[in-house]
There are 2 protein chains.
Amino acid sequence: MFLVEGNKTIKEIPLSRYKISEIFSVNPSELGIKEISTTEITPNELKKISFLQHPKDSVAVCELLEPVFSQDVPVQLILDGIQDPGNLGTIIRLADWFGIEQIICSEDTVDFYNPKVIQASMGSFLRVNINYQNIENYLQNSGAAIIGTDMDGENFYQFDFPEKFNLIFGNEGNGIRPNIEQLLTHKITIPRFGKSKSTESLNVSMAAGIILGQIFSEK
Amino acid sequence: MFLVEGNKTIKEIPLSRYKISEIFSVNPSELGIKEISTTEITPNELKKISFLQHPKDSVAVCELLEPVFSQDVPVQLILDGIQDPGNLGTIIRLADWFGIEQIICSEDTVDFYNPKVIQASMGSFLRVNINYQNIENYLQNSGAAIIGTDMDGENFYQFDFPEKFNLIFGNEGNGIRPNIEQLLTHKITIPRFGKSKSTESLNVSMAAGIILGQIFSEK
């Protein structure tokens, strides 16, 4: 089972393939889902079961599902060891925004059922396929281009994105692992316009947003 | 006074206009700043004075400075009531990345000296002018274009950004205030490519990153 918090996202679950088994709510009438067993609780009880610093209105207990895997998607994201739940949630949200159907995660990427990931995805996990598998094996058999971000890649503004590709993002601290880096068919870089060399490289989810923004400018 | 945490950022302070008055460090020799009074402390003491969930190595107490204001910058960001410290820090980091010299904040925008903002900016606050003022007055007297994001603005991919402009970002929940919205000379939108209407609009700092990414694609 996994938890989804907040009426707004909970209301979207029945529109997805996920199933709610039980709801705990401080205000069931406001949530307005009648078909599912709902227990009214106090704000204090909510505080105890919530994973949020500032608990919302309701918590839904949902059933874990077998992941869906699409063999043939034009653009998909491959995550190599993303650890921060906020980053994964944000990347799921970006995928949903840009209409990217599928994210494939290395087996050591943070679990997307982690309550912080679910929260950061703002309901977008309901609309994006998220798979965990050996991405090295997967990429070895992928016929599509494999594009990764790198400090010394080609300026992504000048890069001509192919019709079909895997876009790889690596771990927050260590980047893309060497065995995956070897499989890259292209390396791209977001150029830094500021002059200071002390400027930290962009956070991985921000880099993903900026790159996706650019890719879709051509569509 | 305000606090800066972590050796990496603390080492950059002497290269900026900011001044450290005192350092507390679990390992002063690793920090290697000799000219400033440094007290060696235990990890437990660091835990007590740190604002971070996972305290780093050192904390520097720095002097608050009068803000610097540049009258004439080609592109600047105007923040209308940003409340989340992480968002402000991320936007400062983006400004630094894209070489944007100045951010003007409404008086009710979160204080950039807030330890969470300083932390999220990853040292970038040292390299960007950040002012707080009445942005309505400021914009009324700005000769440059005033561009805001809006749900029904022009597709930003098709928008021709002028040479000189103010780019406005509004509050996380409420967007740009009506009195500021009235002053906009242009409204732009990041189009959503995903088909679901349930998809949440992008977080303000992500929107800022995607828009800046696009602006600089033309430079």
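The chains referred to below are lettered A, B, ... by the order of the sequence lines, with proteins before strands, and numbering in each begins at 1. Just so you know, these numbers use all the heavy atoms, side chains as well, and skip hydrogens, waters and symmetry mates.
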Which atoms of [X] come close to chain A, meaning under 4.5 Å heavy atom to heavy atom: side chain ones, backbone ones, both, or neither?
| X | answer |
| --- | --- |
| B/Glu200 | both |
| B/Asn203 | both |
| B/Arg127 | side chain |
| B/Lys11 | neither |

side-chain contact (heavy atoms from CB on, under 4.5 Å) between A/Ile78 and A/Phe169, worked out
CA-CA 6 Å; A/Ile78 314 280; A/Phe169 293 101; over 6 Å; no

Residue, of [options], that accumulates the most heavy atom pairs under 4.5 Å with chain A:
| options | answer |
| --- | --- |
| B/Gln158, B/Met206, B/Glu12 | B/Met206 |
| B/Ser124, B/Gly123, B/Ser201 | B/Ser201 |
| B/Leu126, B/Asn155, B/Ile210, B/Leu15 | B/Ile210 |

Look at A/Ala207, A/Ser205, A/Ser198, A/Pro191 and state which one has the largest set of heavy-atom pairs under 4.5 Å with chain B.
A/Ser198

If we ignore angles and hydrogens, is there a donor and acceptor under 3.5 Å between the side chains of [X] and [Y]?
| X | Y | result |
| --- | --- | --- |
| A/Ser25 | A/Asn27 | no |
| B/Ser70 | B/Asn129 | yes |
| B/Ser50 | B/Glu5 | yes |

Between A/Glu63 (side chain only) and A/Ile20 (backbone N and O only), is there a donor and an acceptor less than 3.5 Å apart?
no

Would you confirm whether A/Ser16, through its side chain, and A/Ile13, through its main-chain N or O, come within 3.5 Å as a donor-acceptor pair?
yes

Check the pair B/Tyr157 / A/Phe216 against ring pair (Phe, Tyr, Trp, His ring centres under 6.0 Å), numbers first and verdict last.
CA-CA 9 Å; B/Tyr157 290 126; A/Phe216 283 83; 8.3 Å; no

Distance-minimising heavy-atom pair for A/Val204 and A/Gly170:
CG2-O, 3.8 Å

Nearest heavy-atom contact between B/Gly81 and B/Arg177 is N-NH2, 3.5 Å

Test side-chain contact (heavy atoms from CB on, under 4.5 Å) applied to B/Thr189 and B/Met151, step by step
CA-CA 6 Å; B/Thr189 298; B/Met151 297 301 276; 5.7 Å; no

Residues of residues 83-105 of chain B with any heavy atom under 4.5 Å of a heavy atom in chain A:
B/Thr90, B/Arg93, B/Leu94, B/Asp96, B/Trp97, B/Phe98, B/Gly99

